[in-house]
Each structure stands twice: as structure tokens, then as C-alpha cells.
Amino acid sequence: METGTLLLALIPILSIAIAGWWWFDADMFMAGWNVSGMEDSAAISRSASIALWAFMGVESAAVSADVIDNPKRNIPLATLLGLALAAVIYISCSLVIMGMLPMEALRDSSAPFADVAKLMIGPWGVVVIALCAIFKSIGALGGWMLLVGQSAKAAAEDGLFPRVFCKVNRHGMPGTGLMIVAVLMSGLLLVTSSPTLARQFDQLTNIAVLLTIIPYLFSAGALAATTLERNERGWLRAGCLLTAAAAVAYCLYALLGADAQLLAYATVAMLFSAALYPFFRKRMLETGSGR
């Protein structure tokens, strides 16, 4: 199901990324280069935070290691190849769309791919994009539901989440944890309700990115720390340390460009979770899963 829905989404997206260059206008592209009213450096910093949304979930394969066949081989392949594929598609589509639609239209559009498809093949393009988006959403929803359950279960097994997230149903899935997450996500949708779908989506993506940057930042620090602890040598040591440094720099740069109010909300959420951490840390040490 995941493979089929992914192909349905990729066909129109790749078609636009390739055939859209026939309608590409270089002057229109340059006119929309920076319409934020900010300096280029500030606009790039703001974009660094937004761009991270496209690549959130790069850790998905690793989180699901317990239910993946041959994880030592398949997790690195899925992560690196998936990241490369997503990067090529996102960059190609973004470039061509910015040269096909005026920035004023793109800024207010809630379905830019549908707008571009209408320009290329007429009203039927909107229908095709809508159907592909529906099927892809169904597949993505199923995959993300399973992933959310596994990630919460893994955190609970390490003593970082309440034990209720470890509870599995007769199918071996953490159903209770999924229900809790569903309630929390529904509450978040209500809290961020906005006059337009585009505005609400913007708020949700910014909040998600800011909260995700924090674990990414700590992961980069952990990479550097474990590299030094293992006393790695040669190109492996240099590569790991450079990668960690680049990741830390990117995360900090993205935080600098974030919306001030949303950054304040994310900070409050992080500090709240930090206050709860000692309780879960104690449990983790008691169970012997921590050091």
C-alpha cells in the first residue's frame, strides 16, 4: 500500500519537475527570489527553519529498527537513499514552480501543485493532483500512525516516556499509545485553528520544526561524544566530527531565523519536558536501561 500510494504521488510531481521547464520563466523566478522584505541573510536563516520541515522524519527507519528486516543493511539504505530522493524532488519542484507562478500567487496558494497542473494541462490537472494527493495522504497516514506508535514505544522502553506507551494489543501494536497521541494531536489542531488552512498549516509546520530541532541538536552532540568515547581514528573520526559540527551549526542557524513567538512557545514546551525528565531518568536507571 505504501509503495502504491507513493508511486501515485511521484508520477505527477516528477512530471511537473521535468515537463514544467517548458513553462519556466527566468524573469518570474528572479522576481520572486526574496519578497520577504528582509535582508538576504535574514531571509535565508528563516528559510533554513522552514526547509527542515521537508526532511523531518529522516530518522524514521532507525526508530522502527525492531520491526525491520536486516536493519544493519536496510536502515542506512532507506535513510540515505530516501533523503537523496526527497532532496532531488523537493529542489527540482520548487525551482520550476517558482518560475511558473508569480510569487503573489504562490504565497497565497494552498495547493501550488494543483495550480501548476492547471496551467500545464487545464482544469483536469487540478483533479489529477487532488486524486493523487488523496491516495498519497491515505498511505502516508497509515505509515506515520505506525511510526508514531513505534517511536513512543521505543522511548517508553528506554524510560523516557510513561510505561503506558509500551502496552501492546493482541496484534502486537501499541494501540493505547496511538490513542493518546491522537487525542494530543487533535487538541493541537484545535489550539492552532486559523481562518485559512494555509495559515494553520504554517503554524503547525513551524511548531513541529522548532520542537524537532532540539532532539536533532542533541543527536549531533551525541555523535561527537560517542566518536570521541570510541576513540575513532582517521577519516571516520574526522567525518563524524565534521558532520556533527555542521549539524549543530545548521540547527542553531535555523533557530535564529525562527518566528519569535513560536520560538517562545517551543522553548516553554521544551522546558516543561525538561522538568519531567528527572522522573523518567530515575525510572530508566532503576530498570537498568540507562547508564
Side-chain angles (χ1 to χ4, degrees), residues 1-6 9 52-69 71 75 78-79 82 133-194 197 199-216 218-219 262 265-290:
M1 180 178 178
E2 287 286 334
T3 302
T5 55
L6 175 62
L52 192 60
W53 166 257
F55 300 99
M56 282 174 55
V58 68
E59 72 285 350
S60 300
V63 169
S64 306
D66 289 343
V67 292
I68 292 179
D69 294 332
I75 288 178
T79 301
I134 290 172
F135 285 115
K136 181 63 186 77
S137 297
I138 293 173
L141 179 61
W144 276 107
M145 285 176 63
L146 296 175
L147 176 64
V148 168
Q150 291 297 327
S151 59
K153 179 175 178 291
E157 289 174 345
D158 287 340
L160 300 175
F161 267 27
R163 297 296 297 176
V164 67
F165 287 95
C166 289
K167 186 177 179 181
V168 297
N169 56 25
R170 60 189 180 90
H171 301 292
M173 297 301 298
T176 303
L178 284 174
M179 293 299 296
I180 294 173
V181 172
V183 171
L184 293 175
M185 292 297 100
S186 299
L188 183 60
L189 287 175
L190 293 175
V191 170
T192 58
S193 59
S194 302
L197 180 62
R199 174 59 181 166
Q200 184 175 19
F201 181 78
D202 183 63
Q203 287 185 328
L204 288 172
T205 53
N206 279 279
I207 292 173
V209 167
L210 290 175
L211 292 177
T212 303
I213 284 178
I214 305 303
Y216 282 1
F218 279 103
S219 297
L262 292 178
Y265 291 156
T267 302
V268 170
M270 184 188 69
L271 293 177
F272 176 74
S273 64
L276 297 177
Y277 176 74
F279 298 97
F280 294 111
R281 176 66 176 174
K282 179 180 178 181
R283 181 183 300 171
M284 185 171 61
L285 291 173
E286 289 174 350
T287 58
S289 58

Rounded to the nearest 0.5 Å, how far apart are CG of L184 and CG of L189?
11.5 Å
The reported gap from CD1 in I75 to CG in D69 (rounded to nearest 0.5 angstrom) is 11.0 Å
Salt bridge (Lys or Arg N to Asp or Glu O under 4.0 Å) filter on K153, not counting sequence neighbours, yields E157
What residues, two or more places apart in sequence or in another chain, satisfy side-chain contact (heavy atoms from CB on, under 4.5 Å) together with F165?
A152, A156, F161, P162, I180, V181
